[in-house]
Amino acid sequence: MSEGKETLVKDSIDRGTVDAARALESDKYAEGFVTDIEMELAPKGLNEDTVRYISAKKEEPEWMLQWRLEAFQRWKEMTEPTWAMINYPKIDYQDAHYYAEPKGGAKYKTIADVPQEILDTYAKLGIPLKEQEVLLGVEGAMETAAAARETPRVAVDAVFDSVSVATTFRAELSKAGVIFMSISEAIREYPDLVKQYLGSVVPVTDNFFATLNSAVFSDGTFVYVPKGVRCPMELSTYFRMNAKGTGQFERTLIIVDEGGYVSYLEGCTAPMRDENQLHAAVVELVALADAEIKYSTVQNWWPGDSEGKGGVYNFVTKRGDCRGARSRISWTQVETGSAITWKYPSCILRGDDSSGEFYSIAVTNGRQQADTGTKMIHLGKNTKSRIISKGISAGKSNNTYRGLVSIHPKAVKARNFTQCDSLLIGQTCGAHTVPYVENRRADAQLEHEATTTKLSEDQLFYARQRGIGEEEAVALLVNGFVRDVLQKLPMEFAVEAQKLLEVSLEGSVG
Amino acid sequence: MLELTNLHARVVPEDGPAREILKGLSLAVPAGEVHAIMGPNGSGKSTLSYVLTGKHGYEVTGGTATFEGKDLLSLAPEARAALGLFLSFQYPMEIAGVPVMTFVRAAMNAQRKARGEPEVSAPDFLKLSRVAAAKLKIDPEMLKRPLNVGFSGGEKKRLEIYQMLMIEPRFMILDETDSGLDIDALKVVAEGVNALRGPTRGMLVITHYQRLLDHIKPDRVHILSAGRIVKSGGPELALELEKSGYDQFLKAG
Ligand SMILES: Nc1ncnc2c1ncn2[C@@H]1O[C@H](COP(=O)(O)OP(=O)(O)OP(=O)(O)O)[C@@H](O)[C@H]1O
Ligand SMILES: [Mg+2]
């Protein structure tokens with residue numbers, strides 16, 4: 001770690017934490033505000049008409065509507081999975097809105113058309129949407145905006161409930177040949193690419209939630225990086241669930257052609273609400289030969305209050321396909337939010353010499369339940385995978401790592417390294433590790449390490465004797481515990497993630 | 001500076017019955033002085049250091065402890081640290097993933113914040129750290145490693161004193177800092193400690209051996225036995241102990 005990064009990360013502890021956390025509202029969730037804006041909702045309920053409504057709203061071509069309707073038919077025959085270590089009351093799929101958009105139409109032509117309330121929302125969340133001048137074509141605005149922030153530039157696709165409201169830096173990206181737009185637009189503008197790849201990594205009938213998503217997905221991001229192009233900036237999507245009684249079903253598709261590279265960041269928040277909100281996303285990544293995709297998530301959906309009232313149900317299917325030789329995909333996730341997390345970002349290592357990585361920090365506090373992990377499916381020769389999972393449980397929460405490493409018969413000399421560490425804070429939380437291995441080759445090299453530690457009072461005392469207050473001491477120790485994963489995040493995200501950890505764990509000791 | 005009067009304290013283990021360890025301990029360390037505490041294993045020396053710094057699991061059942069007239073016992077450990085109390089632990093803790101420098105900087109800034117002072121800037125911190133490391137002959141690379149993780153016994157002790165030089169406390173408790181140090185390291189560490197001696201500072205040096213006191217010359221020496229001071233004297237008391245052991249004093253006590 002360079003000196004610079006260390007200082008920056010450290011500074012955020014000083015700045016971020018204890019005071020800021022204390023100043024927050026009752027349940028410590030700074031993103032819990034509601035944006036007051038008129039919304040247009042699909043009628044409550046889920047049937048063929050709902051699917052048609054969404055498709056019509058998006059002005060989709062007929063093939064897309066048919067694709068959705070088929071998914072819907074299949075979904076009706078499926079049942080919700082029950083194998084995960086999570087408990088929740090039965091979800092009434094008819095008691096929600098499947099589409100919500102700010103009144104006045106879907107995608108805005110320019111940022112000037114985006115309602116001020118939404119811009120304010122993203123500003124409050126710290127999203128650099130103010131590249132608006134850039135979108136409006138003001139000369140030189142891009143440079144001044146970037147210089148003012150003195151941070152690497154990040155292009156943002158902002159999704160508000162069911163619609164993408166703004167996508168920044170598009171012109172500059174398209175100069176490099178990179179397509180970065182909402183998936184709704186891509187369906188209209190690049191139907192061939194979408195047809196070729198959509199559902200090619202996560203098949204329509206992959207699982208209950210993915211099939212539901214296929215039927216009713218609303219918006220999300222589409223990225224295509226052409227052959228040999230290194231995407232000139234970080235791409236990101238910011239998801240905001242605002243409307244009451246709605247679900248969010250975003251769909252993201254990222255394709256990196258031969259020898260290309262992209263780093264993509266995803267952030268999510270939702271207001272505090274007493275009822276549960278359903279979020280069922282599908283993310284598909286395709287890396288062709290020699291391509292590399294880095295996908296990072298900071299997930300901070302509303303977790304519910306400390307008694308377990310409200311919160312987001314997060315059922316997500318994320319999968320990357322290392323389709324070409326020597327391709328690389330890495331998933332890095334920081335999961336602090338949601339009442340329930342059901343999520344297994346996975347890699348299919350199809351190309352020879354391809355590699356997959358999964359770095360995860362999952363924090364649960366209060367009554368949160370997380371069942372998360374990864375699958376590494378080794379199909380090609382000399383494929384490599386690496387899994388580092390850090391689970392932190394506090395309060396009355398439950399945190400499960402569930403992983404699968406599967407070595408197929410043709411995966412000559414496949415290698416995997418897995419490390420699962422759990423940290424327990426307090427006496428009333430649970431941590432579980434469920435690592436599955438399916439190995440069909442004698443020459444596979446598999447290493448597995450797992451540890452469970454309790455945040456020790458002796459360590460806390462040591463830090464406090466040096467003058468570090470209890471909450472900051474917890475933050476420091478937890479940061480130490482997750483350090484090797486935090487280092488995998490792009491720097492701006494690492495700082496944000498660190499703040500999130502501190503806020504999520506506030507009040508977990510003493 | 002530090003005054004303990006008729007202090008009674010017990011250890012309350014998580015599992016098992018409470019046990020009284022300090023049984024009426026009285027002691028006064030005026031500003032500018034260094035006092036040594038010696039005593040047989042299990043007599044309560046480390047317990048005293050923990051009671052003074054406010055460790056969980058130790059309960060004061062009687063008596064008082066004040067630091068410059070302020071009641072120490074009612075304060076949280078971090079508040080005592082901010083007043084200037086520092087303990088060099090007999091068994092320093094390992095803290096995974098937290099580099100030494102990150103930890104020490106967090107400590108310095110937390111204390112400064114508590115006292116309403118400005119934080120130490122990054123360049124100042126690095127300068128201070130270089131000086132302290134050089135004094136103690138610590139390889140700067142070591143300061144980038146996670147605190148105490150995989151450090152040798154002697155390295156851990158040296159690192160306690162590095163922290164002490166960085167934090168510049170006003171009152172220091174050294175609990176068997178000499179144990180685990182080689183002969184050269186003992187000298188280097190003692191020089192570091194002596195650099196902090198001064199008219200406004202005080203020190204309690206807990207040790208079993210005269211060899212440390214050869215380097216850190218105490219103003220007073222106390223013998224602790226079964227939770228009480230049974231004998232106090234000048235530096236010659238330690239020499240006497242070295243020659244003929246504890247027996248004579250324990251009987252007298
Ligand atoms: N947490 C604890 N649980 C049970 N007994 C304890 C605990 N802490 C201290 N004691 C007991 O209290 C007594 C005093 O211990 P203490 O560590 O203070 O001794 P000491 O004088 O520092 O000894 P040494 O010279 O060996 O370091 C011992 O008998 C010890 O076993
Ligand atoms: Mg001791």
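A note on names: the letters A, B, ... follow the listed sequences, proteins ahead of strands, and every chain is numbered from 1. Remember, it's a predicted structure, so these values are computed and weren't measured experimentally.
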Against chain B, label A/Ser456 side chain, backbone, both or neither, depending on which of its atoms sit under 4.5 Å from a heavy atom there. side chain

Heavy-atom cut-off 4.5 Å, strictly under: side chain, backbone, both or neither for B/Leu147 against chain A? side chain

B/Lys45 atom NZ, neighbour heavy-atom count above 12 within 6.0 Å: yes

Beyond-backbone contact of B/Ile95 with A/Leu477, side-chain heavy atoms, under 4.5 angstrom: yes

Report yes if some heavy atom in the side chain of A/Leu460 is under 4.5 Å from a heavy atom in the side chain of B/His56; otherwise report no. no

Which atoms of A/Ala473 approach chain B - backbone, side chain, both or neither, heavy atom under 4.5 Å: neither

Quick one: does NZ or CZ of A/Arg466 land under 6.0 Å from the six-membered ring centre of B/Phe103, within 45 degrees of the ring axis? no

Are there over 12 heavy-atom neighbours, none belonging to A/Lys384, within less than 6.0 Å of that residue's NZ? no

Rounded to the nearest 0.5 angstrom, the CG-OG1 distance for A/Leu476 and B/Thr102 is 7.5 Å

Sort out for me which of B/Pro77, B/Ala76, B/Ala110, B/Ala96 touches chain A most, counting heavy-atom pairs under 4.5 Å. B/Pro77

Check this for me: B/Lys156, atom NZ, are more than 12 non-hydrogen atoms of other residues, nucleotides or ligands nearer than 6.0 Å? yes

Ring centres of A/Tyr462 and B/Tyr91 under 6.0 Å apart? no

Proximal component of B/Leu87, with respect to chain A [non-hydrogen, under 4.5 Å]: both

Hey, which of B/Glu94, B/Gln163, B/Gln111 has the most heavy atom pairs under 4.5 Å with chain A? B/Gln163

Any chance you could lay out the side chain to side chain contact (heavy atoms under 4.5 Å, CB included) test for B/Lys113 and A/Glu472, step after step, and finish with the verdict? CA-CA 13 Å; B/Lys113 201 166 162 192; A/Glu472 195 185 339; over 6 Å; no

Has the side chain of A/Gln465 got a donor or acceptor atom that lies under 3.5 Å from a matching backbone atom of B/Glu78? no

Do B/Arg80 and A/Arg464 come close enough that some side-chain heavy atom pair is under 4.5 Å? no

By a 4.5 Å heavy-atom criterion (distance strictly below it), what part of B/Pro92 contacts chain A: side chain, backbone, both, or neither? both

